Amino acid sequence: MSYADKVFIDMCKDILENGCSTEGEKVRPKWEDGSSAYTIKKFCVVNRYDLRKEFPIITLRKTALKSATDELLWIWQKKSNNVNELSSHIWDAWADESGSIGKAYGYQMSVKHQYKEGMMDQVDRVIYDLKNNPFSRRIMTNIYVHQDLHEMNLYPCAYSMTFNVTQRPGEDKLTLNAILNQRSQDVLTANNWNVVQYSVLVHMLAQVCDMNVGEFVHVIADAHIYDRHVPLVEELIKRPTFDAPKFWINPEIKDFYDFTKDDVKLEGYEFGPQIEIPVAI
């Protein structure tokens, strides 16, 4: 069993056994047939992953590394808010006729801000500080911009990354750690997807800033399982598991903007069969 499997199984069991139901309450999401999508939820789930020990991808079912990386780069590298620049179709339900999701996600990453060092967007500011001020306690991004929420087709779920650099005794290289803050998460559909994405990001930034990877911490304010997902989750967490695969990142890439989804891969990745998951909108 991979460590990611253990975390996922324990989290799901905790939500199902100790969570609170929203059934009967006023909720925003709907199923395709128009009925309300209720959840069982836990407040403030915190999961920690040591990226030095293994790459946190579940084996209960496949998490598509390259597709997850492609979406991450769409936001952090292309800084795009147009689904036509994304290989998958996971954002199509929130796009308008032109493909835009409004002033959300990549759009916020593209906005330049005035700093003492000059005009930079949030991604470039993170990279600048990791290279020039690595022990700063102010290295973070935030795309939950209240003044623009009315022009977002979906409010950001994974909205903030905070980076923290440590110096481990006896090591020449610094260690890059990070926290992902998420206001809300559909656990079955997106939990490991987001864990994989932002673990890849930590690996990428560590490499281009000549650091080692450290801990990735995932904080979820509202971790929930949808009512129609409960039997799927119950079946999934009873499945056999496999050992964690080995993560590879192209060591030749030294500039964050040179990475592509093909610069990461998994060796020895075994996983269970896929399942059809209805998605609440």
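All values below come from the heavy atoms of this structure, side chains included, with hydrogens, waters and symmetry mates left out. This is a predicted model, so every value here is computed, not measured.
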Would a 4.5 Å heavy-atom cut-off, applied to side chains only, mark [X] and [Y] as touching?
| X | Y | result |
| --- | --- | --- |
| V46 | V217 | yes |
| V230 | I40 | yes |
| T241 | L60 | yes |
| V123 | T141 | no |
| M109 | I143 | yes |
| M211 | T175 | no |
| P245 | I57 | yes |
| V195 | N192 | yes |

Listed once per pair and sorted, the salt bridge (charged side-chain N to carboxylate O under 4.0 Å, His left out) pairs that draw on [range], sequence neighbours left out:
| range | result |
| --- | --- |
| residues 202-224 | K41-D222, R48-E215, K173-D210 |
| residues 156-171 | R52-E171 |
| residues 88-100 | none |

Same apolar cluster (I L V M F W Y, side chains within < 4.5 Å links), [X]/[Y]:
| X | Y | answer |
| --- | --- | --- |
| I253 | L51 | yes |
| M11 | L188 | yes |
| Y3 | V200 | yes |
| F8 | F216 | no |
| V208 | V165 | yes |

(request) Tell me whether the centres of the aromatic rings in W76 and F256 are closer together than 6.0 Å. (result)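 Ring centroids of W76 and F256 are no less than 6.0 Å from each other.
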Check whether any side-chain N or O of [X] sits under 3.5 Å from a backbone N or O of [Y] as a donor-acceptor pair, and report yes or no.
| X | Y | result |
| --- | --- | --- |
| D263 | F259 | no |
| Q207 | N250 | yes |
| N212 | A206 | no |
| N47 | V7 | no |
| W91 | G99 | no |
| N81 | I101 | no |
| S110 | Y107 | yes |

(request) Consider only side-chain N and O atoms of D243 and S2, and report whether a donor and an acceptor are under 3.5 Å apart. (result)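 No, S2 and D243 have no side-chain donor paired with an acceptor closer than 3.5 Å.
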(message) Regarding Q122 and Q108, do their side chains bring together a donor and an acceptor under 3.5 Å, going by distance alone?
(response)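 Absent: no donor and acceptor within the cut-off.
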(request) Under the side chain to side chain contact (heavy atoms under 4.5 Å, CB included) rule, what do Q182 and Y159 come out as? Steps first, then yes or no, please. (result) CA-CA 6 Å; Q182 193 151 1; Y159 67 90; 5.6 Å; no
(message) Give me each pair satisfying ring-ring contact (aromatic ring centres under 6.0 Å, His included) with a member in residues 170-196, each pair once, sequence neighbours excluded.
(response)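 Checked against ring-ring contact (aromatic ring centres under 6.0 Å, His included) - neighbours excluded - no pair reaches residues 170-196.
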(request) Report the residues that fulfil ring-ring contact (aromatic ring centres under 6.0 Å, His included) with W31, sequence neighbours left out, ordered by chain and then residue number. (result)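 Listed in chain order: Y226, H229.
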(request) Give me the ring orientation class for H203 and F55: parallel if the planes are under 30° apart, tilted from 30 to 60°, perpendicular past 60°. (result)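 Correct class here is tilted.
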(request) Give the C-alpha distance, both sets of side-chain angles, the deciding distance and a yes or no for salt bridge (Lys or Arg N to Asp or Glu O under 4.0 Å) between K6 and D10. (result) CA-CA 6 Å; K6 182 182 185 308; D10 290 347; 2.8 Å; yes
Hey, can you pull the donor-acceptor pairs under 3.5 Å for the side chains in residues 268-281, sequence neighbours left out?
residue : atom : partner : partner atom : Å
Y269    : OH   : I58     : O            : 2.6
Y269    : OH   : T63     : N            : 3.1
Q274    : OE1  : K62     : N            : 2.9

(request) Check the pair E85, S80 against side-chain hydrogen bond (donor to acceptor under 3.5 Å, both in side chains), reporting the backbone distance first and the verdict last. (result) CA-CA 7 Å; E85 296 183 82; S80 173; 2.9 Å; yes
Strictly below 4.0 Å, N to O, side chains only: are [X] and [Y] in salt-bridge contact?
| X | Y | value |
| --- | --- | --- |
| E235 | R239 | yes |
| K254 | D258 | no |
| R228 | D33 | yes |

Taking distance alone, no hydrogens or angles, what donor-acceptor pairs closer than 3.5 Å link side-chain atoms of residues 23-30 to residues at least two apart or in another chain?
residue : atom : partner : partner atom : Å
K30     : NZ   : S36     : OG           : 3.3

Could you pull out all residues at least two apart from [X] that satisfy side-chain contact (heavy atoms from CB on, under 4.5 Å)?
| X | value |
| --- | --- |
| E17 | K13 |
| D129 | R125, N133, I139 |
| D172 | none |

Mind listing the side-chain donor-acceptor pairs of residues 149-157 below 3.5 Å, one per line with the distance, residues two or more places apart or on another chain?
residue : atom : partner : partner atom : Å
H150    : ND1  : Q147    : O            : 3.3
E151    : OE2  : K103    : NZ           : 3.3
N153    : ND2  : W94     : O            : 2.7
N153    : ND2  : S100    : O            : 3.3

(request) Take T166 and N177 through the side chain to side chain contact (heavy atoms under 4.5 Å, CB included) test and state the conclusion after the steps. (result) CA-CA 8 Å; T166 54; N177 310 284; 3.2 Å; yes
(request) Evaluate the side chain to side chain contact (heavy atoms under 4.5 Å, CB included) criterion for residues M204 and T69: first the C-alpha distance (whole Å), next the side-chain angles of each, then the deciding distance (0.1 Å), finally the verdict. (result) CA-CA 11 Å; M204 287 180 169; T69 300; 3.9 Å; yes
(request) Sequence neighbours left out, what passes side chain to side chain donor-acceptor pair (under 3.5 Å) with Q167? Give chain and number order. (result)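 Side chain to side chain donor-acceptor pair (under 3.5 Å) list for Q167, sorted by chain: empty.
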[X] and [Y]: which non-hydrogen atoms are nearest, and at how many Å?
| X | Y | result |
| --- | --- | --- |
| M120 | Y115 | O-CE1, 3.4 Å |
| D124 | D121 | N-OD1, 2.8 Å |
| F163 | L201 | CZ-CD2, 4.3 Å |

(request) Using the side-chain hydrogen bond (donor to acceptor under 3.5 Å, both in side chains) rule, take Q185 and H224 through it: C-alpha gap first, then chi angles, then the decisive distance, then the call. (result) CA-CA 6 Å; Q185 185 170 75; H224 53 264; over 6 Å; no
(message) Would I220 and H218 count as a side chain to side chain contact (heavy atoms under 4.5 Å, CB included) here? Give the steps.
(response) CA-CA 6 Å; I220 313 166; H218 191 193; 3.6 Å; yes
(message) Under the side chain to side chain contact (heavy atoms under 4.5 Å, CB included) test against I225, which residue among L16, D186, T39, N191 passes?
(response)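 Per the side chain to side chain contact (heavy atoms under 4.5 Å, CB included) rule, the option paired with I225 is L16, out of L16, D186, T39, N191.
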(message) Is it the case that atom CD in Q114 sees more than 12 heavy atoms from other parts of the structure closer than 6.0 Å?
(response)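 More than 12 within 6.0 Å, yes.
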